[in-house]
Structure formats: structure tokens, C-alpha cells
Amino acid sequence: MNFLPLIEAKREGKILAPKEIQEFIREFTAGRIPDYQMASMLMAIYFRGLNSAETTALTLAMRDSGDVLTFPKDKRPLVDKHSTGGIGDKVSLPLAPLLACLGFRVPMISGRGLGITGGTLDKLDSIPGYRSLLPADLITKLVQKVGCVICGQTDTMVPADKKIYALRDASGTVPSIQLITASILSKKLAESLDALILDVKFGCAAFMETKADARKLATAMVTLGKQCGTNTRAILTDMNTPLGRAAGNWLEVKESVMCLESSAAVSAAAPTAGETPALPCDDLRTLVIDSAAHLLVQTKKAKSLVAARKLAEDCLNSGAPRAKWDEMIVAQGADLKAFNRKLALDSTAKIVVEVKSPKAGFLAKCDARIIGEVIRDIGGGRLTKESLINYDVGIDRLAKPGERVEKSGVLCRLHAADSAQAKAVTARLQAAFEISPRQSKVAPLVQEIIG
Ligand code: URA
């Protein structure tokens, strides 16, 4: 078939029929439409947009381009979370076992990091023996048995998105709300979910820099998710400051375990003057509890967000999600003894240096973009898809906005591959922090709920 008329129709701003979109995606996935024609179509979509029916058709066609996970009937709802990504965003790690303990099944299909934002799979790859790539039948089996799995997309899941995303990357068509929406949701819908919570971030280190753009994306995803039969909600969260007190693959796994072990009283404890605690601060815990609470309300397991938060918090405090974490990683091949030995180490990097404050005052800003760029540049992230990762580098003991810092107090600790590397980036890291004589108000982490 000749697909040129469809490309020309979209170029002229015409509306495509769902059948035409389905055929275009099916033929492209099968290799019968060349990349240059798909790239032209993507550019036409970028400029002309897609209406809601077209976006739904595109999303479902992409979902159906490969295997869709199927699960036996079970009273435990199937749920997941997606984050648009940020620095120190490790919420998925403690959230999956928490959700399993709250009576959900969690087939959490995650991705790798590119650029400054980290990827859940890269974090998990720092666990000795952990298998982040599993075949579809094993994903189903483990979800049924353990309650949660965190792994990558199989080769046969949503192949259309893999091919289209590579072309969008190379053709300057990534920032289209409809294409982003279809890309994210086609992958989540392939998990056959009952409910989905989306964490759409905005700020200097987020995919969407402004809250208005994040709101647009969130609204589009919530509308589409619902149209496709999945109860979908979004929260808009601030990504100007890194989440938690650690960023970098292994350091984030460690902080996630601390989050599973912490109680509210400990994690909310004010740091001693001049010190930053190694424990995760409240923002990570808040976001983990809030994400679980929304899913409890969405699936009618709780009547209100207040009641749901209490359920999630009590469950986290019970220690059951910490034990579930071990069960999950062992089911995915982790060597628990080696993992625990690694956890007991203060650092796995060659060198640890303290980044110190040049003056006393209150932390007014901690620029997540600068921190993300530094970690990427020292090997913690990828500059290209082929880049190798150093799992051990990163930062921890991060001071957070609103906290008091003393002169020469620790702003963060840098874990680096060697002293030359540490020396090369210390000044850049220091520039991420702004110290003010007065304590300023800290913006709330979760700023809006959509849907
Ligand atoms: N993440 C995705 O999976 N797809 C996009 O298009 C953007 C972010």
C-alpha cells in the first residue's frame, strides 16, 4: 500500500481515521514503511498535532504492536506508577514492595536513564546478581507469586515504540505532547493495568520545565489513560531540587532500602546543626506514601486520600515492605548475602569527598540540573545510549532547601571514581548550592493532583 497520502493528509492538518493509524503503525513495525516516511509523519504530527481519537488510536496501535502481558483473574488489582524522571527519583524502588504488601500486583516495567535523569533499571543493575530483563512468562509468574516485579521491557513488548522513539530522537520530534503521551501510555497499557499513577515532574531538571507544560502533559495522559480503560491519575511534583538525599545508581538503592527501614519519626528528624543525616529526608517518603495512597483510592481500597495515606504509612512502618524487597530481588536473581555486604559499606566508590559550604546560613537552592549533569559526567549516567555506567559514583548526605548549614558544613558527599575526577567537579557541585542568611519557604513537593 502507498502511505504517502496519509503523510500528506496529516501535513495538511487533516484528521486520520483510527484504521489508517492502526495500519500505518502495523506496517511500520513490520518493516514495510521506511524510516524516512515515518520520520515525515512524525514531523507532520509534531506540527499539526493529533486529536483525542487519533491519539487513542495511535496509543492502542503501539500497545498492540507486540505482546501485552496477561494475568490470571485475582482479587489483587494490577497497578503501576510512571515518573517522567528526575534527579534522585528512586520512588519506584520502595514503592513496588509497599504496593505488593498493600494487596496489589505490580508488573513494573521500567527503563534505563539517558542524559541527566536516572533510570530505574540502571539503579537495580547495581545489585549483585539482579536480573533486570525477564521473559514475559516469568514476569507474570513472579507478579502472581511475589506481588511485584521491576524489570525492563521485553523485546516483544511495544516494539513500535522502540522504533518510533529512536526516530523521534533523530528527527527532533520528541517534544510533542501527543507523541510523548502515546509512547508512555502504550508501554503502561501493555501491562494490562487496573490503575496507574503518573508522577509528572516540572522544574529545572525535569522533562517539562514549567508547571503549565507539565499540567498539559499530565492532563493529556490522564484523559487518554481513562479512554483506554485504565483508571489514571497524575500528580505534578517539583523537580528543581533532587529527591531525597542521594543521587547515583547504587547510592539510590541504598537510600531506597533506608526508606523501607525508616519510620516517620526518624525520617522527619531535624538534622543536627552543621550536619546532614544519612537517612532519607521526608520528601522521598512522602512521595512513596502519596503514590501508594492515590492507587488505594483509585482502586477503591480506601475511601479518602487521608485514610489511604494512613494505610500506606502503617504498612511501611510495619517492616513488611522491607522483607518484600528482599523477596523481590532474590526472585529476580539477586545474591542477598553479597547485597547485604554491599549495603553495609559506607561507599563502593574509590573516593569520597565532602563538599563544604563556604559560609553559614540557610540553604535556599540546590540545583538538581547541575547535580544531575555532574553525576552524568563522572560516569553515573549516559551521554549516549552506548555509554557504560559507573554504578558507584554519585552524591549522598545532601543538604536540602530550608536547612541550616554552618561554614564548612557538609553540603553533600561526592562519591567519585578517583581523586582527579573529584577535584574536577567539586567547584561545579558547590555552585549548585545557594546559601542565604534567611530561611526561605520551601515549595511543596506535590503541587497538584490531576484526575
Ligand atoms: N518517556 C517515554 O517513554 N517516551 C517519551 O516520549 C518521553 C519520555
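Computed from heavy atoms alone, side chains included, the values below leave out hydrogens, waters and symmetry copies. Position 1 is the first residue of the sequence; numbering continues from there.
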Verdict with reasoning, L429 to I370, per side chain to side chain contact (heavy atoms under 4.5 Å, CB included):
CA-CA 7 Å; L429 269 182; I370 296 178; 5.5 Å; no
Value rounded to 0.5 Å, distance of [atom1] in [X] from [atom2] in [Y]:
X	Y	atom1	atom2	value
L363	S357	CG	OG	8.0 Å
I197	R233	CD1	CZ	6.5 Å
S183	K188	OG	NZ	11.0 Å
I177	D213	CD1	CG	6.5 Å
L193	T299	CG	OG1	12.0 Å
L93	S256	CG	OG	4.0 Å

Work out which heavy atom in [X] is nearest to a heavy atom in [Y]; give both atom names and the distance.
X	Y	value
A331	L142	O-CD1, 3.7 Å
V79	P107	O-CD, 3.6 Å
I450	A218	CD1-CB, 3.9 Å
V158	K187	CG2-CA, 3.9 Å
L189	C228	CD1-CB, 3.6 Å
A234	V200	CB-CG2, 4.4 Å

Is it true that a side-chain atom of [X] and a backbone atom of [Y] form a donor plus acceptor pair closer than 3.5 Å?
X	Y	value
Q332	R131	yes
T156	D67	no
K90	L243	yes
D89	V91	yes
E191	I109	yes
N231	D194	no

Note, Q421 side chain near T426 side chain (heavy atom, < 4.5 Å)
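When only atoms from C-beta onward are counted, T426 and Q421 do not touch, as no gap falls below 4.5 Å.
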Would you check if Q439 and R404 make a side-chain contact, meaning some heavy-atom pair closer than 4.5 Å?
no
Output yes when E327 and K324 qualify as a salt bridge under the 4.0 Å nitrogen-oxygen rule, no when they do not.
yes
With the threshold set at 4.0 Å, does a side-chain nitrogen-carboxylate oxygen contact exist between D346 and R413?
yes
Neighbour count >12 (heavy atoms, 6.0 Å) for atom CG, D169
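It does: D169 CG has more than 12 such atoms within range.
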Decide if atom NZ of K342 counts as having more than 12 heavy atoms of other residues, nucleotides or ligands within a radius under 6.0 Å.
yes
Option passing side-chain hydrogen bond (donor to acceptor under 3.5 Å, both in side chains) with K201 (candidates T237, T84, T117):
T237
Any donor-acceptor pair under 3.5 Å linking the side-chain atoms of [Y] with those of [X]?
X	Y	value
K81	S92	yes
S186	D161	no
K211	Q447	yes
T173	S171	yes
S126	N249	no

Contacts table for residues 95-104: side-chain donor-acceptor under 3.5 angstrom, sequence neighbours left out:
none

Show, in sequence, the C-alpha distance, side-chain angles and deciding distance for R245 and E403, and conclude whether the salt bridge (Lys or Arg N to Asp or Glu O under 4.0 Å) test is met.
CA-CA 12 Å; R245 294 195 187 272; E403 288 176 356; 2.6 Å; yes
Please list all pairs passing the salt bridge (Lys or Arg N to Asp or Glu O under 4.0 Å) test where one or both residues lie in residues 436-451, with sequence neighbours left out.
R215-E448
The test is salt bridge (Lys or Arg N to Asp or Glu O under 4.0 Å); show your working for K254 and E252 and say whether it passes.
CA-CA 5 Å; K254 224 174 146 181; E252 291 189 46; over 6 Å; no
Apply the test side chain to side chain contact (heavy atoms under 4.5 Å, CB included) to residues E313 and R309: give CA-CA distance (whole Å), side-chain angles for both, the deciding distance (0.1 Å), then the verdict.
CA-CA 6 Å; E313 191 157 9; R309 280 197 187 105; 5.5 Å; no
For residues 236-256, which residue pairs qualify under ring-ring contact (aromatic ring centres under 6.0 Å, His included), counting only residues two or more places apart or in two chains?
W250-F339
Decide salt bridge (Lys or Arg N to Asp or Glu O under 4.0 Å) for R112 and D122; before the verdict, give the C-alpha distance in whole Å, the side-chain angles of both, and the deciding distance to 0.1 Å.
CA-CA 6 Å; R112 295 192 190 281; D122 296 325; 3.3 Å; yes
For I180 and M208: C-alpha separation, side-chain torsions, deciding distance, then whether side chain to side chain contact (heavy atoms under 4.5 Å, CB included) applies.
CA-CA 11 Å; I180 296 169; M208 296 284 157; 3.8 Å; yes
Among residues at least two apart in sequence or on other chains, which ones pass side chain to side chain contact (heavy atoms under 4.5 Å, CB included) with A349?
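So A349 forms a side chain to side chain contact (heavy atoms under 4.5 Å, CB included) with S347, D392, H415.
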Can you list, pair by pair, the side-chain donor-acceptor contacts under 3.5 Å of residues 132-140, counting residues two or more places apart and other chains?
residue : atom : partner : partner atom : Å
S132    : OG   : D125    : OD1          : 2.8
T140    : OG1  : A136    : O            : 3.0

Under the salt bridge (Lys or Arg N to Asp or Glu O under 4.0 Å) test, residues paired with D367 that sit two or more places apart
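D367: salt bridge (Lys or Arg N to Asp or Glu O under 4.0 Å) contacts with K365.
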Mind running side chain to side chain contact (heavy atoms under 4.5 Å, CB included) on V352 and L414 for me, showing each step along the way?
CA-CA 6 Å; V352 184; L414 169 67; over 6 Å; no
Would D335 and K337 count as a salt bridge (Lys or Arg N to Asp or Glu O under 4.0 Å) if you check the C-alpha gap in whole Å, the side-chain angles of each, and the deciding distance to 0.1 Å?
CA-CA 6 Å; D335 175 342; K337 274 196 186 145; over 6 Å; no
